[in-house]
There are 2 protein chains.
Amino acid sequence: MIIQVDFNSNEAIYMQLCKQIIIGIANSQIKEGDNLPSVRELAEDIGINMHTVNKAYSILRQEGYLKVDRRHGAIIAIEVDRYKAQLELVEELKISLAKAISRGISREEAKDMVDRIYDIYLGSK
Amino acid sequence: MIIQVDFNSNEAIYMQLCKQIIIGIANSQIKEGDNLPSVRELAEDIGINMHTVNKAYSILRQEGYLKVDRRHGAIIAIEVDRYKAQLELVEELKISLAKAISRGISREEAKDMVDRIYDIYLGSK
DNA sequence: CTATTTGTTATATGAATACTATAACAATTT
DNA sequence: AAATTGTTATAGTATTCATATAACAAATAG
């Protein structure tokens with residue numbers, strides 16, 4: 001899986017890393033049990049500091065996307081609290097859809113976008 | 001329209017203001033042509049600094065939610081670039097739905113949430 | 001006309017965050 | 001025995017967030 005950061009983005013680097021890894025999980029580029037490069041390796045690879053990668057890994061671990069095992073490094077291990085997952089999604093949709101409604105995007109358009117994004121992530125599944 | 005901020009939130013105050021105003025537009029608490037309290041008034045009201053409110057208003061103006069008229073203060077004036085609006089929504093859904101998929105939330109569940117949120121904002125419209 | 005209120009701009013300060021740098025540690029692998 | 005793992009600690013710089021005070025031109029109210 002290729003990870004790259006935009007140094008000109010106003011989004012924090014550690015946040016870009018988190019997002020790309022989560023997207024990688026969604027589209028099955030990386031799966032349960034796969035291991036991520038070591039913090040030093042990935043940092044070297046991208047050309048950033050080790051601690052920035054470590055911060056991203058720590059957040060992903062805290063949010064239940066991976067576990068860290070001294071023997072195998074960071075490995076993908078999804079831990080789902082369905083209720084929390086739903087709450088978080090609702091919270092994020094609330095603001096995104098408020099913008100959408102303010103700008104005249106219809107309910108059907110929004111749901112079509114959800115469909116299209118699910119298609120992209122899941123392929124034909 | 002009642003605006004209140006959570007000082008213990010890790011979300012910036014100016015961002016909380018932006019979101020609440022956008023949500024207020026989505027659910028028709030405030031409409032095209034309505035005017036918002038002056039930066040000093042709202043700041044006084046909430047108990048925050050004038051510049052924090054000004055920052056929120058400036059962002060909302062820049063993003064096409066309101067215009068500032070010296071005669072009437074800040075008034076809601078939605079300026080929609082449909083293409084930009086769609087791009088922004090897709091971009092936000094991409095990460096929200098990646099998390100959802102990683103956590104086993106189905107396509108239908110996600111679309112149901114969209115429906116429910118649209119219902120909440122639009123009422124029976 | 002005068003006084004007040006409007007958004008806006010400028011400058012400064014303190015706190016928090018983001019990123020980097022160097023270093024060290026115990027556990028594990030080679 | 002040497003190297004690599006995640007983790008922790010400390011420190012420095014840059015940026016952001018929120019505050020405070022001050023001033024400006026434009027517009028409103030009395």
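FYI, side chains are in, hydrogens and waters are out, and symmetry mates aren't considered; it's all heavy atoms of this structure. Residue numbers begin at 1 in each chain, while the letters A, B, ... track the order of the sequences.
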So, OP1 or OP2 of [N]: does either fall under 4.0 Å of a side-chain N or O from [X]?
| X | N | value |
| --- | --- | --- |
| Asn54(A) | dG6(D) | no |
| Tyr14(B) | dC17(D) | yes |
| Thr52(B) | dT19(D) | yes |

Distance (rounded to the nearest 0.5 Å) between Arg61(B) CZ and Asn54(B) CG: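 It comes to 8.0 Å.
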Full working for side-chain contact (heavy atoms from CB on, under 4.5 Å) between Leu36(A) and Asp34(A): CA-CA 7 Å; Leu36(A) 296 172; Asp34(A) 286 358; over 6 Å; no
Nearest-Å distance, [atom1] ([X]) to [atom2] ([N])?
| X | N | atom1 | atom2 | answer |
| --- | --- | --- | --- | --- |
| Leu66(A) | dT5(D) | CG | P | 16 Å |
| Met50(A) | dA11(D) | CE | P | 17 Å |
| Met15(A) | dT16(D) | CE | P | 16 Å |
| Ile59(A) | dG6(D) | CD1 | P | 16 Å |

Residue mapping more 5' on DNA chain C - nearest nucleotide basis, Ile13(A) or His51(A):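 It is Ile13(A), whose closest nucleotide lies nearer the 5' terminus.
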Close side-chain approach of [X] and [Y], heavy atoms under 4.5 Å:
| X | Y | result |
| --- | --- | --- |
| Ile46(B) | Leu17(B) | yes |
| Lys94(A) | Glu91(A) | yes |
| Ile120(A) | Asn27(A) | no |

Contact nearer the 5' end of DNA chain D, comparing Ala74(A) with Gly47(B):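 The answer here is Ala74(A).
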Interface with DNA chain C, restricted to residues 35-46 of chain A and to heavy atoms under 4.0 Å: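 Result for residues 35-46 of chain A: Arg40(A), sorted by number.
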Contact list (N/O, under 3.5 angstrom) for nucleotides 27-30 of chain D vs protein:
none

Glu44(B), CD atom: more than 12 neighbouring heavy atoms under 6.0 Å: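 Atom CD in Glu44(B) is not crowded, with 12 or fewer foreign heavy atoms closer than 6.0 Å.
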Side chain to side chain contact (heavy atoms under 4.5 Å, CB included) partner of Arg103(A), the single match among Ile22(B), Val80(B), Ile25(B):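 When Ile22(B), Val80(B), Ile25(B) are each tested with Arg103(A), the side chain to side chain contact (heavy atoms under 4.5 Å, CB included) holds only for Val80(B).
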Salt-bridge contact Lys99(A)-Glu92(B) (side-chain N to carboxylate O under 4.0 Å):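 So Lys99(A) pairs with Glu92(B) through a salt bridge.
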Where chain B begins and ends its contact with DNA chain C, read 5' to 3' at 4.0 Å from heavy atoms: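 Boundary nucleotides touching chain B, in 5' to 3' order, are dT6(C) to dA10(C).
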